[in-house]
Amino acid sequence: MRGLVFAGDETAEVREFPDPQAGAGEAVVKVRASGLCGSDLPRFRRDSGSEGVIPGHEPSGEVVELGPGVPPGLRVGDRVMVHHYAGCGVCEMCALGFEQACPVDRVTYGTGAHGGHADYITVPARTLVHLPEPLSFAAGAAMACGTGTAWNGLHKMGISGRDTVVVFGQGPVGLSGVVCAKAMGARVIAVDISSERLAYARTLGADFTVDPTEVSVPEAVLEITSGRGATASLETSGAHLARAQALEVLAFFGRCSFVGNGPPSSIDIRGEVVRKVLTIYGSWTFTKYELIQVAQFMVDTGVDLDALIGKRYGLDDGERAYREFAAGATGKPVIAFDG
């Protein structure tokens, strides 16, 4: 089979790999779409590359082979997404479906083991989640990490039509936050320093957009909310200033979910959290069960996740895909496979 690898210094190349075979409890998935994620960019940029590991932790596709011992709920031909972590399978975290926190043994597909930027991927069958027929493979790839992450951060806050939500950062996760918050009924304020990304957010339903290089974000939110402040915020950028402002924009008793990766940051506990009686949620991707919930939510609410997809690339265009993504391309990029 063919698979993409990072070769270092912002280069990537397609290499030949042995055709996969399903072992006990495993499934081979023919990849139909594999998303690009911002967490891949440090590996794309660094000198050492990925040391031969195929990246891509957001695959969706079709089951083409099952090994012995796979439960009967999974069949060849099923459309699936990959919950891209595998722990020991028996500890408390694994029993909860939160295998990314397994303290015994954990692998992340796309970093510690071959991921989805390839013709096929082999994973434990228990990591697979059925992709509903109304949803495209590209939508499945988006939900498998970025969109699912945004949905879960909002879901923890119980977002509804009573809320005004400020979404910080309009990369793929932030844009997903806009889409999901709108589907939950909220009024949405999108924040980013890129005019192109803000314009894209408006096409996806953002009610207001704010550029921090032009105006004060807290002041803009106060103006939009008639001096009250927002009821909730979702921070997806990982930037220090955005993390601080995600609390500053909130009204009394507001809620905030932090999902963005980034360097360590400090926040004003006394002035913001204590005095405003805020509730803060940390959210790291999602459990396998929550991925099932994400997919059902998209079907039930009729969300057009394909509108989130900025561009589709072939496997041979993988390097260009990552270069354009690293340069700030709008929307969710995916590597799409024919057939």
Side-chain angles (χ1 to χ4, degrees), residues 32-33 35 37 57-61 73 78-85 96-100 127-190 200-201 203-207 231-236 255-260 279 281-310 331-332 334:
R32 297 291 301 276
C37 180
H57 58 272
E58 302 179 348
S60 68
D78 283 354
R79 305 169 78 248
V80 294
M81 300 173 286
V82 178
H83 188 248
H84 56 276
Y85 312 98
L96 290 170
F98 200 59
E99 298 200 25
Q100 57 265 51
T127 67
L128 299 181
V129 171
H130 286 101
L131 176 64
E133 284 293 339
L135 302 177
S136 70
F137 287 109
M143 289 186 294
C145 183
T147 298
T149 293
W151 179 90
N152 200 33
L154 294 165
H155 179 67
K156 287 179 178 179
M157 295 189 289
I159 297 302
S160 72
R162 296 186 297 272
D163 287 300
T164 295
V165 181
V166 185
V167 180
F168 287 83
Q170 295 304 305
V173 179
L175 290 171
S176 295
V178 169
V179 170
C180 293
K182 287 299 295 183
M184 293 172 180
R187 185 170 66 156
V188 178
I189 303 170
Y200 204 94
T203 68
L204 295 176
D207 298 285
T231 58
S233 60
L234 179 72
E235 205 301 293
T236 74
R255 302 98 77 204
C256 175
S257 273
F258 288 104
V259 303
T279 300
Y281 296 86
S283 193
W284 178 22
T285 57
F286 38 80
T287 64
K288 178 181 173 182
Y289 172 62
E290 286 163 339
L291 181 55
I292 296 171
Q293 289 183 300
V294 172
Q296 193 59 51
F297 173 86
M298 300 305 168
V299 173
D300 291 344
T301 57
V303 172
D304 179 14
L305 279 185
D306 289 321
L308 180 70
I309 308 303
K332 176 68 174 180
V334 300

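Please read these numbers as outputs of a predicted model, since none were measured by experiment. Values reported hereafter were calculated over all heavy atoms of this structure, with side chains retained and with hydrogens, waters and symmetry mates removed.
Under the 30°/60° scheme for interplanar angles, the aromatic rings of Y85 and W284 are found to stand perpendicular.
With values rounded to the nearest 0.5 angstrom, M157 atom CE is found 6.5 Å from S233 atom OG. Note: I292 CD1 to L131 CG = 12.0 Å, rounded to the nearest 0.5 Å.
Not one N or O on the side chain of S60 forms a donor-acceptor pair closer than 3.5 Å with the backbone of M81. Of the possible donor and acceptor atoms, one in the side chain of D163 sits under 3.5 Å from a partner among the backbone N and O of S160. For T236 (side chain) and V173 (main-chain N/O), no donor-acceptor pair under 3.5 Å exists by modelled atom type. A donor-acceptor pair under 3.5 Å links the side-chain atoms of Q170 to the main chain of V167, judged by distance alone. H57 places no side-chain N or O within 3.5 Å of a backbone atom of C37 that could act as its donor or acceptor partner. For K156 (side chain) and C256 (main-chain N/O), no donor-acceptor pair under 3.5 Å exists by modelled atom type.
R79 forms a cation-pi arrangement with F137, by the criterion of a distance under 6.0 Å to the ring centre and an angle within 45° of the ring axis.
The salt bridge (charged side-chain N to carboxylate O under 4.0 Å, His left out) contacts involving residues 288-304 comprise nothing, where partners must be two or more places apart or lie in separate chains. For residues 172-183, the set of pairs meeting the salt bridge (charged side-chain N to carboxylate O under 4.0 Å, His left out) definition, not counting sequence neighbours, comprises K182-D207.
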(request) List the steps and the verdict of side-chain hydrogen bond (donor to acceptor under 3.5 Å, both in side chains) for R255 and T279. (result) CA-CA 5 Å; R255 302 98 77 204; T279 300; over 6 Å; no
(message) Let's go through T285 and Q100 carefully: what are the C-alpha distance in whole Å and the side-chain angles of both, what is the deciding distance for side-chain hydrogen bond (donor to acceptor under 3.5 Å, both in side chains) to 0.1 Å, and is it a yes or a no?
(response) CA-CA 9 Å; T285 57; Q100 57 265 51; 2.7 Å; yes
